[in-house]
K.L.:
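Here it is, the structure, as structure tokens.
One is the number of the first residue; the rest follow in order along the sequence. Quick note: numbers below take in every heavy atom, side chains included, and nothing from hydrogens, waters or symmetry partners.
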Amino acid sequence: MTTGRVEAFSDGVIAIIITIMVLELRPPHEATLEALRPLLPVLGSYVMSYIYIGIYWNNHHHLLHAAQHVDGRCLWANLHLLFWLSLIPFVTAWMGENHFTTWPVALYGGVLLLAAIAYYILVRALLACQGNERLAAALGSDFKGKISIVIYMIAIPLAFVRAWLAFLFYIFVAVIWLIPDRRIERNVVE
């Protein structure tokens, strides 16, 4: 089967995830800039999660563009990824509402770690699917994917020492992925 339905379904789920996150934002009752100050942690966690969802959406699109076929294993791997992404609104709200304290920051990192692992599993499932040879050529060693998982594994326990430092690690991973990765675009010509 082709990748079109998987991509369309995933796009819909990701759009809903973003919608849920923005609906969690509550404006202040006062009409002053000072009234926004207590909401800065909530806005900061929203911005961070929006960037992460955008990174996943972008890379998922490129990944499925490079793949030609999916099988049942790929469908389940994709659902696995979407499950972890669907938890991002929850941990985003918890972290923002609690001003980046230890447990919310650690759990946020745990969800990011499990989403990264799920993405890695999806990549492996697509590579194992017959007819996706050009995807293998385009991906190469996937250094960014592997190093992201390692950074999350360091940052999560770090949240119990300095939550803000763990959050900086999460920002660092996002920055790594914001730097354009042209492997698929270079290797997949249509």
K.L.:
For the pair R134 (side chain) and G131 (backbone), establish whether a donor and an acceptor sit closer than 3.5 Å, ignoring hydrogens and angles.
P.N.:
no
K.L.:
Do L25 and L39 land in one hydrophobic cluster if side-chain heavy atoms of ILVMFWY residues count as linked below 4.5 Å?
P.N.:
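No, no single cluster joins them.
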K.L.:
Got a second to check how far I18's CD1 is from I88's CD1, nearest 0.5 Å?
P.N.:
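These two atoms lie 10.0 Å from each other.
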K.L.:
Would you give the length of the straight line joining atom CZ of F169 to atom OG of S148, rounded to the nearest 0.5 angstrom?
P.N.:
13.0 Å
K.L.:
If hydrophobic clusters are built from ILVMFWY residues whose side chains come within less than 4.5 Å, do V22 and I20 share one?
P.N.:
no
K.L.:
Closest heavy-atom contact between R73 and D71?
P.N.:
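Distance-wise, the nearest heavy atoms are NH2-OD2, 2.9 Å.
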K.L.:
Determine whether more than 12 heavy atoms belonging to other residues, nucleotides or ligands lie under 6.0 Å from atom CZ of R124.
P.N.:
yes
K.L.:
Measuring only between side-chain heavy atoms, which start at C-beta, is V6 closer than 4.5 Å to L64?
P.N.:
yes
K.L.:
Going by the angle between their ring planes, with limits at 30° and 60°, are H61 and W57 parallel, tilted or perpendicular?
P.N.:
parallel
K.L.:
Parallel, tilted or perpendicular for W177 and Y119, by the 30°/60° rule?
P.N.:
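Judged by the thresholds at 30° and 60°, the geometry between W177 and Y119 is perpendicular.
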K.L.:
Working to the nearest 0.5 Å, report the span between CG of L75 and CG of L122.
P.N.:
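Here the rounded value is 10.0 Å.
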K.L.:
Just checking, is any N or O donor in the side chain of S49 or Y108 under 3.5 Å from an acceptor N or O on the other one?
P.N.:
yes
K.L.:
Which pair of heavy atoms, one from Q68 and one from H65, lies closest together, and at what distance?
P.N.:
NE2-O, 4.3 Å
K.L.:
What orientation do Y152 and Y170 show, parallel under 30°, tilted 30 to 60°, or perpendicular over 60°?
P.N.:
tilted
K.L.:
How many angstroms lie between atom CG of L85 and atom CD1 of I16, to the nearest 0.5 angstrom?
P.N.:
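Spacing of CG (L85) from CD1 (I16) equals 13.0 Å.
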K.L.:
N98: which residues meet the side-chain contact (heavy atoms from CB on, under 4.5 Å) condition with it, sequence neighbours left out?
P.N.:
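Counting only residues at least two positions away or on another chain, N98 forms a side-chain contact (heavy atoms from CB on, under 4.5 Å) with W94, T101, P104.
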K.L.:
For N78 and H60, which heavy atoms make the closest approach, and how far apart are they?
P.N.:
OD1-NE2, 2.6 Å
K.L.:
Show your reasoning for whether side-chain contact (heavy atoms from CB on, under 4.5 Å) applies to L168 and I171.
P.N.:
CA-CA 5 Å; L168 286 178; I171 291 171; 4.1 Å; yes
K.L.:
If you group Ile, Leu, Val, Met, Phe, Trp and Tyr by side-chain heavy-atom gaps below 4.5 Å, do L87 and Y52 land in one group?
P.N.:
yes
K.L.:
Quick one: pull up NE2 in H80 and CD1 in I117 and give me the separation to the nearest 0.5 Å.
P.N.:
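Rounded to the nearest 0.5 Å, the NE2-CD1 separation comes out at 8.0 Å.
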K.L.:
State yes or no: do I51 and V105 share one hydrophobic cluster built from I, L, V, M, F, W and Y residues joined by side-chain heavy-atom distances below 4.5 Å, directly or via other members?
P.N.:
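In one cluster: yes.
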K.L.:
Test M95 against every option in F167, F90, W103 by the side chain to side chain contact (heavy atoms under 4.5 Å, CB included) rule and name the one that passes.
P.N.:
F167
K.L.:
Quick check: does any side chain N or O of N132 sit under 3.5 Å from a backbone N or O of L126, one acting as donor and the other as acceptor?
P.N.:
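Confirmed, N132 side chain pairs with L126 backbone.
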K.L.:
Using modelled atom types only, decide if a donor and an acceptor are shared between the side chain of T92 and the backbone of Y46 within a distance under 3.5 Å.
P.N.:
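No, the answer is negative, given that no donor and acceptor are paired below the 3.5 Å cut-off.
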K.L.:
Considering non-hydrogen atoms only, spot the tightest contact between A125 and C74 and give its length.
P.N.:
O-SG, 3.4 Å
K.L.:
Given the rule in the side-chain contact (heavy atoms from CB on, under 4.5 Å) test, do I149 and L113 qualify, once you have shown the distances and angles that lead to the verdict?
P.N.:
CA-CA 6 Å; I149 290 171; L113 171 65; 3.8 Å; yes
K.L.:
Linking I/L/V/M/F/W/Y whenever their side-chain heavy atoms sit closer than 4.5 Å, directly or via other members, would V111 and L114 fall into one cluster?
P.N.:
yes
K.L.:
Are there more than 12 heavy atoms of other residues, nucleotides or ligands under 6.0 Å from atom CZ of F9?
P.N.:
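Result for CZ/F9: open.
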K.L.:
Quick one: closest heavy-atom pair of A163 and F100, and the distance?
P.N.:
CB-O, 3.3 Å
K.L.:
Show the nearest heavy-atom pair for residues I55 and A174, with the distance to one decimal.
P.N.:
CD1-O, 3.6 Å
K.L.:
Is the shortest side-chain heavy-atom distance between L36 and L33 below 4.5 Å?
P.N.:
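A side-chain contact under 4.5 Å exists here.
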K.L.:
Can you tell me how far the CG atom of L127 sits from the CG atom of L135, to the nearest 0.5 Å?
P.N.:
4.5 Å
